[in-house]
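Lettering follows sequence order; numbering is per chain, from 1. What's counted below: heavy atoms across the whole structure, side chains too, no hydrogens, waters or symmetry copies.
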There are 2 protein chains.
Amino acid sequence: MSSTARGARARARTEITAAIKEEARRQLAVEGAAKLSLRAVARELGMASSALYRYFPSRDDLLTALIIDAYDSLGAAAEAAHDAAAGAGPVRRWTAVCEGVRGWALARPHEYALIYGSPVPGYTAPRSTVPPASRVALVLIGILRDAHRDHGLAGPPLPADLRPEAVRMAADFAPDLPPAAAVAMVAAWAQLFGLVGFELFGQFNRVVEDRETFFRHAAGQLARTVGLVPPQQDGADRGEADRGRASQATGTGGDGSSSGA
Amino acid sequence: MSSTARGARARARTEITAAIKEEARRQLAVEGAAKLSLRAVARELGMASSALYRYFPSRDDLLTALIIDAYDSLGAAAEAAHDAAAGAGPVRRWTAVCEGVRGWALARPHEYALIYGSPVPGYTAPRSTVPPASRVALVLIGILRDAHRDHGLAGPPLPADLRPEAVRMAADFAPDLPPAAAVAMVAAWAQLFGLVGFELFGQFNRVVEDRETFFRHAAGQLARTVGLVPPQQDGADRGEADRGRASQATGTGGDGSSSGA
DNA sequence: CACAAACGAGAGCGGCGCTCTTGCGCCGCC
DNA sequence: GGCGGCGCAAGAGCGCCGCTCTCGTTTGTG
């Protein structure tokens with residue numbers, strides 16, 4: 001009841017609010033957050049710049065609204081990518097989510113920069129951004145939970161001095177996961193956005209060319225570090241690579257992630 | 001001969017240029033890059049704002065100069081951290097560099113944001129930023145090269161479709177490394193800055209509390225993913241992982257980072 | 001119907017990046 | 001040693017910005 005038809009006035013307000021955000025997002029995509037101008041938005045919408053302050057008390061508040069929307073959009077993309085791979089194994093689902101995040105970021109670089117780039121100087125994100133910001137992490141945690149329930153997780157040991165923190169982390173947001181897995185999960189979460197951010201912000205420019213393939217591989221490795229084991233037996237892993245110097249022969253055997261299946 | 005005493009005029013110019021950058025860096029640390037104002041810098045230096053354009057043709061050029069300085073400062077910090085651990089094993093040297101990077105970033109959050117945060121809208125970094133930006137990566141590559149020469153590297157296999165790219169990458173900037181190691185290195189490089197960025201930009205706010213310990217552990221794990229194997233020492237902290245069902249094998253022995261020394 | 005709240009428009013304040021023009025002082029050259 | 005020229009600082013000014021205040025109008029409500 002509260003959302004629809006509480007009078008023409010209220011509906012007009014939500015419509016105008018949406019139009020402002022839409023136009024702002026359009027300018028964001030073109031010019032970037034730094035050059036987003038309230039006056040330009042108002043101009044494009046055919047209203048006085050002062051009128052816009054009836055809807056957003058300041059430029060930063062507009063930005064905050066866009067940030068929340070971006071988090072939600074990214075979260076939805078991650079969830080959609082996960083659902084599209086629902087039937088598959090945990091590694092496949094993991095990489096699907098990672099690729100979903102990457103795809104969203106590549107399609108909306110400025111919105112990605114808005115939420116994972118440098119935060120505005122004195123600005124600290126209000127609490128309202130927390131839940132939408134958690135959605136990607138929740139999807140990843142869900143994959144780990146399922147995998148842990150079904151097969152267990154293969155994680156590295158936990159150093160003694162990290163154990164209390166790990167226990168706290170698991171209790172806080174991943175009660176179904178062993179502490180070591182919670183730690184590995186948070187690290188992988190940050191590392192995922194390191195990969196995406198580096199690609200997006202040009203750090204890979206003369207370094208990585210075939211970024212799609214590179215990312216897929218890296219995401220698969222990330223799955224390993226959180227304890228998800230690829231369908232085929234591991235075991236072959238460790239002794240491999242290149243003992244000694246003249247290695248070069250390394251690789252050859254696909255690790256399974258190369259097969260599309 | 002070119003650097004010193006090419007006349008009083010020239011020396012005054014370099015001095016003023018340095019003073020401008022210094023003041024700009026001061027304002028950067030206080031307000032952030034978005035609010036850095038040429039007029040404010042000029043005001044603080046007691047000169048007319050227009051005079052400042054004799055030294056930097058635009059605000060973006062000032063920013064670019066600061067970016068290059070920041071890259072160099074970070075690179076120097078990474079090299080210093082590495083040299084301080086020169087005698088140690090590759091894992092210790094790796095984590096030392098990672099912690100050096102983190103320490104630098106925590107001490108200069110705004111300068112870090114300048115180089116690894118969102119790039120300015122239409123702005124693409126000029127070529128002159130490339131060499132200083134590479135210094136951290138070069139240090140890490142050096143560690144891998146040494147480790148590969150001395151003990152070999154234990155990396156995961158390379159999927160067939162990534163092999164051409166991996167060969168190209170190794171040839172381009174790590175000719176002494178096997179292709180798989182070059183790939184793992186670049187991924188770890190990006191992931192390192194993912195960890196640092198998330199901590200710095202508040203993404204860990206209600207997630208990770210003991211960030212120092214968490215980071216040290218994550219950096220150690222990163223060392224493993226690039227094929228650096230920790231000295232095998234069966235310590236007390238082991239066997240935790242998860243105790244789920246088939247908790248297979250759990251990689252190799254302790255990561256040794258738990259010991260304080 | 002009357003009234004208060006919400007609203008849109010306009011003017012205006014201080015600050016910004018950047019440009020142009022105007023004088024001045026230092027440099028090298030004859 | 002005088003002098004022309006160049007580098008330099010300063011001021012005024014343009015168009016933009018975020019934001020505020022005021023004022024007349026619209027609109028939902030008791």
For [X] and [Y], indicate whether the former's side chain and the latter's backbone hold a donor-acceptor pair under 3.5 Å.
{"X": "B:S118", "Y": "A:S118", "value": "yes"}
{"X": "A:E165", "Y": "B:E209", "value": "yes"}
{"X": "A:S73", "Y": "A:D69", "value": "no"}
{"X": "B:R168", "Y": "A:V207", "value": "yes"}
{"X": "A:R59", "Y": "A:L36", "value": "yes"}

If you look at every strand shown and take non-hydrogen atoms under 4.0 Å, does B:L36 touch a base, only sugar-phosphate, or nothing?
-> sugar-phosphate
Roughly, in whole Å, what's the span from [atom1] in [X] to [atom2] in [N]?
{"X": "A:E44", "N": "D:dC16", "atom1": "CD", "atom2": "C1'", "answer": "16 Å"}
{"X": "B:L45", "N": "D:dC8", "atom1": "CG", "atom2": "P", "answer": "15 Å"}
{"X": "B:D60", "N": "C:dC18", "atom1": "CG", "atom2": "C1'", "answer": "12 Å"}
{"X": "B:L38", "N": "C:dT19", "atom1": "CG", "atom2": "P", "answer": "11 Å"}
{"X": "A:Y53", "N": "C:dA11", "atom1": "OH", "atom2": "P", "answer": "18 Å"}
{"X": "B:F56", "N": "D:dA9", "atom1": "CZ", "atom2": "P", "answer": "13 Å"}
{"X": "B:R59", "N": "C:dG15", "atom1": "CZ", "atom2": "P", "answer": "17 Å"}
{"X": "A:L62", "N": "D:dC17", "atom1": "CG", "atom2": "P", "answer": "14 Å"}

What does nucleotides 2-9 of chain C look like as a protein-contact string, B for base, S for sugar-phosphate only, - for none, at under 4.0 angstrom between heavy atoms?
-> -----BBB
Nucleotides 12-14 of chain C: which of its N/O atoms have a protein N/O under 3.5 Å away?
| residue | atom | partner | partner atom | Å |
| --- | --- | --- | --- | --- |
| C:dG12 | O6 | A:R39 | NH2 | 3.4 |

Any residue meeting salt bridge (charged side-chain N to carboxylate O under 4.0 Å, His left out) with B:E199, in chain and number order, not counting sequence neighbours = B:R102
Verdict with supporting geometry, B:F193 and A:F198, ring pair (Phe, Tyr, Trp, His ring centres under 6.0 Å) = CA-CA 8 Å; B:F193 287 94; A:F198 260 37; 5.4 Å; yes
B:D61 side chain to B:S58 side chain, donor-acceptor N/O pair below 3.5 angstrom = yes
Any chance you could measure B:L106, atom CG, to B:F215, atom CZ, to the nearest 0.5 Å?
-> 8.5 Å
